[in-house]
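Letters A, B, ... are given to chains in the order of the sequence lines, protein chains preceding strands, and every chain is numbered from 1.
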Amino acid sequence: METPKTYEPLQAESKWYSYWMDKGYFYSKPDHREAYTVVIPPPNVTGVLHMGHMLNNTIQDVLVRRARMLGKNACWVPGTDHASIATEAKVVQKLRKEGIKKSDLSREEFLKHAFEWKDKHGGIILEQLKKLGCSCDWERTSFTMDPSYSESVLDVFIDLYKKGKIYRGVRMVNWDPEALTALSDEEVLHKEVNSKLFYVRYKIAGSEDEWLTIATTRPETILGDTAICINPTDERYKHLHGKQAVVPLANRSIPIILDEYVDTEFGTGCLKVTPAHDTNDYELGKKHNLETLDIFNANGTLNELGLHYAGKDRFEVRKAIEKELYDKGYLVKTEDHINKIGYSERTDAVIEPRLSLQWFVSMKELAQPALDNVMNGNIKFHPDKFKNTYRHWMENVKDWCISRQLWWGHQIPAWYFGEGPDDYVVAKTREEAQKLVAEKTGKTIDLSALKQDEDVLDTWFSSWLWPISVFDGLTKPGNDEIKYYYPTNDLVTAPEIMFFWVARMIIAGYEYLGDLPFKNVYYTGIVRDKLGRKMSKSLGNSPDPIDLIEKYGADGVRVGILISSPAGNDLPFDTSQCEQGRNFSNKIWNAFRLIDGWEVKDLEQPKSAQKAIAWFEAKFNSELAEINDLFDKFKISEALMAIYKLVWDDFCSWYLEMVKPGYEQPIDAKTLESTKVFFEDILKMVQPFMPFIAEELWHQVRERQEGDDVIIASWPEVKKVDQAVLKGFELAQETITHIRNVRKQNNIANKVKMDMFLKKNAGYNDEFEPVVIKLGNLSQFENTTDKIPNANSFIVQGNEYFIPFGDSIDIEAERKKLEEELEYTKGFLNSVNKKLQNEKFVAGAPEQVLASERKKEADALQKIALLEEKLASLV
RNA sequence: GGGGGAUUAGCUCAGUUGGUUCAGAGCGCCUGCCUUACAAGCAGGAUGUCGGCGGUUCGAAUCCGUCAUUCCCCA
């Protein structure tokens, strides 16, 4: 035949993807159907597809494709995120390579470069997702800096400002001295590093030769010290209460203050306090009204307060000051010390805590509905356990610093008209600002005299509007789309961004539309390599997803990724899983080849085929019900595994073997038709996971009318399951397995037909005998009332089967086997009896448990009797 | 330091309210097979102190306590 032996995915994939696109199957517009909406977690415009995206988007595509088959109007909105810091860093880097410095460009010139960069690279991930088969509505592709999106971001800023939820304030921020911007806590990575603990002595003011010794990891900040703090309970330092100390080199006197915050165990128990350069010290400073001395410039060099170190970098100064302190007798000793230091996620610069004037959102009140509606289950988390983490964070939510000292992003719509702390207004345009200034001051000033805030908004301040703004929900309130698609259904994302993104979307949802943004949040895990390390570009331990697709096929990779990826658990990824996926594709392919190769003749339908069809019908429906349930619980990888087993074990290994005609024999039309219908049902169930091969085979198994495509076929409906058929088949299955074992143990080839005799018990069900004869390859299957001597025998559900030895006899081996089984069964009976003789058990256990124990006892007794008979019959 | 998870076969994980879906699945492993859809395959098989120790109970992988190991988040 011309059908190849193995499935070749690549051609099929590009063919069917463009076919689906041409047919507009991914396109959605509001109609009478129930909406099913998913918004993609927008990847950064800087990114390339990595395994995390593969996992995340495969899950979304599975959900969307299944929803489409369930008759819903499925809409998956794709898009990208402008990613202020990361993108700006990339653009600066690229310009630097071309010999252009950012500082030489105007804001407008820089943004032009940035947009060029975005146009060139911004869509890479989305293009790659097409290779994976993602059925996004590409006509809806959004970008967080699209004009109307930007407008909604500014509107929200202005609105929150008017509501008093946005304020400007001095705060200790995480300062990135390289990027010259404040970072959110989430953008700071804490790493353990080997550093040194410096013990430095300070003279007690007014004393001749009295000293105290502090321990610090940052001796360069000594010049910014404004107090020494000790624990009031520390007996060692009672004598210092109320005194002052002199800062080395700076020769300033500073107070010695008392606070329980100080850990008496750490270092010397004397803490130097530098409120301008340490978060905890800043809090101490506020509490004790300390002076704040900022000794650094924005770029991490020291300013004039750094005395003779002015203009030098902080790390350079650390070395130099160590020497100077030593030379002048202040340095008592140094110790090796391990501590955690914050690094910029983007530039890897050491974060400098810095006091700075920033914009904040006050979160406490805004967060309340977002907390309540997750805790009460209006929004469901999968897995549920993440609610705990969420609650803890939301109950202790801190104000959100939303300004970033960057150009790429949404420029803050605040306009300054003077130098005073209050000389600004918040407005969308310069003209509106002019009006507001007039209202505020009574004076009309020139448009050109207004200076817009230089900073842009935190990227999350735009992405928190994503489920709303992709439908223009704020710029065109109440439009048809927002009414139809919002709230969206399911969000698939990583637990790492539960706070910066998920929580904030929920907040924005309730604040602006008075409703939840999505009903379910499915948290994926982190994709790790074999060694348990997170897959990342910097480690170089991630396979290139596109290479994987080329090697194993998109369907194979999708299966490989999902086959062992329960919600919320990390996914230890190995390419062997893709191999498993590819093998599964191939299995389906070959099942098709078998069916496709059958020649139809006008024959009577064999009994075995009739029974096989009845059984698979029942089996399919009971599995379908189970799979639907797994989907409803978002147990996606378990649903996939159930489908995998249904296809491989039940359909291929059992069903097809039962209906398969002999070599080069024709098949009857009825059986062929039933088989094709089953196969089509299987393709439907496989479609969400393996869309390409499903579509390919859907079109090969039958001639199709225009528009009869599996991607839009109806998901099978669960029909009533005939439990009796399932039960009856179990007996046949067990019997066949025993027959195969007899063959194996006696080295009897499958081709050799065997005789079998049955001594049946009362409840015996003979329905599947034709199947047993076919798959057991029996020449005869007769009833007997007597035991057959010198035969292999086994017992299934109390029925005794005999396969005469024929020529090959090994009575001793048989005897040994029977004795072992007898021994085991007696032991089992003993354990059951123990329970039944325990009066407390009999009194306390429910009736159904007792009944099952009694049945166990009866079964065991019967089996023992049979085994003993058999032993006796061996001659 | 605070909070939240996790610990079941060699690996990755299921295991609802304690009791026949109770010790499971997939992969891997072992043993036979080039059986006429598929060796990317077929058939068969083995594997566990359910992290340790206590407790509650007639009965614990499951509930409670405690210890250990480990991951994540926050400071």
Please give, in whole Å, the distance from [N] [atom2] to [X] [atom1]?
X      : N     : atom1 : atom2 : value
A:I595 : B:C38 : CD1   : P     : 14 Å
A:E730 : B:U20 : CD    : C1'   : 12 Å
A:N388 : B:C72 : CG    : C1'   : 13 Å
A:K387 : B:G3  : NZ    : C1'   : 17 Å
A:H392 : B:G5  : NE2   : P     : 11 Å

Is the phosphate of B:C72, meaning OP1 or OP2, less than 4.0 Å from a side-chain N or O of A:K385?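 For B:C72, neither OP1 nor OP2 has a side-chain N or O of A:K385 closer than 4.0 Å.
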For this output row, return yes or no: ring centroids of [X] and [Y] closer than 6.0 angstrom.
X      : Y      : value
A:F651 : A:Y655 : yes
A:F794 : A:Y801 : yes
A:F729 : A:W654 : yes

Could you check whether any side-chain heavy atom of [X] comes within less than 4.5 Å of a side-chain heavy atom of [Y], counting everything from C-beta outward?
X      : Y      : value
A:L548 : A:T575 : yes
A:V701 : A:W698 : no
A:N777 : A:I739 : no
A:L371 : A:E395 : yes
A:W175 : A:L355 : no

If I pick the [atom1] atom on [M] and the same atom on [N], what distance separates them, to the nearest angstrom?
N     : M     : atom1 : result
B:C50 : B:A9  : C1'   : 10 Å
B:C64 : B:U56 : P     : 15 Å
B:U12 : B:U7  : C1'   : 14 Å
B:U36 : B:A25 : P     : 29 Å
B:A14 : B:G26 : C1'   : 11 Å
B:G3  : B:C30 : P     : 48 Å
B:C27 : B:U35 : C1'   : 26 Å
B:A61 : B:G19 : C1'   : 13 Å

Which residues satisfy the ring pair (Phe, Tyr, Trp, His ring centres under 6.0 Å) test with A:W589, sequence neighbours excluded?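 Counting only residues at least two positions away or on another chain, A:W589 forms a ring pair (Phe, Tyr, Trp, His ring centres under 6.0 Å) with A:Y7.
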If the condition is ring pair (Phe, Tyr, Trp, His ring centres under 6.0 Å), which residues does A:F584 pass it with, not counting sequence neighbours?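 Per chain and number, A:F584 pairs via ring pair (Phe, Tyr, Trp, His ring centres under 6.0 Å) with A:Y644.
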Short N-O contact, A:K676 and A:E680, less than 4.0 angstrom: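 A salt bridge is absent here (no side-chain N lies under 4.0 Å from a carboxylate O).
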Pairing of A:E579 and A:K551 as salt bridge, 4.0 angstrom limit: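 Between A:K551 and A:E579 there is no salt bridge, as every charged N stays at least 4.0 Å from the carboxylate O atoms.
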We want to know whether A:S585 and A:Y552 form a side-chain donor-acceptor pair, criterion being a heavy-atom distance below 3.5 angstrom.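 Per modelled atom types, A:S585 and A:Y552 side chains form no pair under 3.5 Å.
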Step-by-step side chain to side chain contact (heavy atoms under 4.5 Å, CB included) determination, A:F679 to A:L683: CA-CA 6 Å; A:F679 189 64; A:L683 291 179; 3.9 Å; yes
Strictly under 4.0 angstrom, non-hydrogen atoms only: write out the protein contact profile of nucleotides 39-46 of chain B, one letter per nucleotide from the 5' end, B, S or -. SBSSBSS-
Assign a letter to each nucleotide of nucleotides 9-16 of chain B from its 5' end: B, base within under 4.0 Å of a protein heavy atom; S, sugar-phosphate only; -, no contact. ---SSSS-
Which pairs, protein N/O on one side and nucleotides 24-26 of chain B N/O on the other, fall under 3.5 Å?
| from | atom 1 | to | atom 2 | distance (Å) |
| --- | --- | --- | --- | --- |
| B:A25 | O2' | A:K645 | NZ | 3.0 |
| B:G26 | O2' | A:Q580 | NE2 | 2.8 |

To the nearest 0.5 Å, what is the distance between CD1 (A:I549) and SG (A:C578)?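 Result: 9.0 Å between the selected atoms.
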For A:S576 and A:K660, find the nucleotide of RNA chain B closest to each by heavy atoms; which residue's nucleotide sits nearer the 5' end?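 Mapping each residue to its closest nucleotide by heavy atoms, the 5'-most match is A:S576.
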For RNA chain B, which consecutive runs of 3 or more Watson-Crick or G-U pairs (each distance under 3.5 Å) count as stems?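 Consecutive-pair runs (3 or more) involving RNA chain B: B:1-7 with B:68-74, B:10-13 with B:24-27, B:29-33 with B:41-45, B:51-55 with B:63-67.
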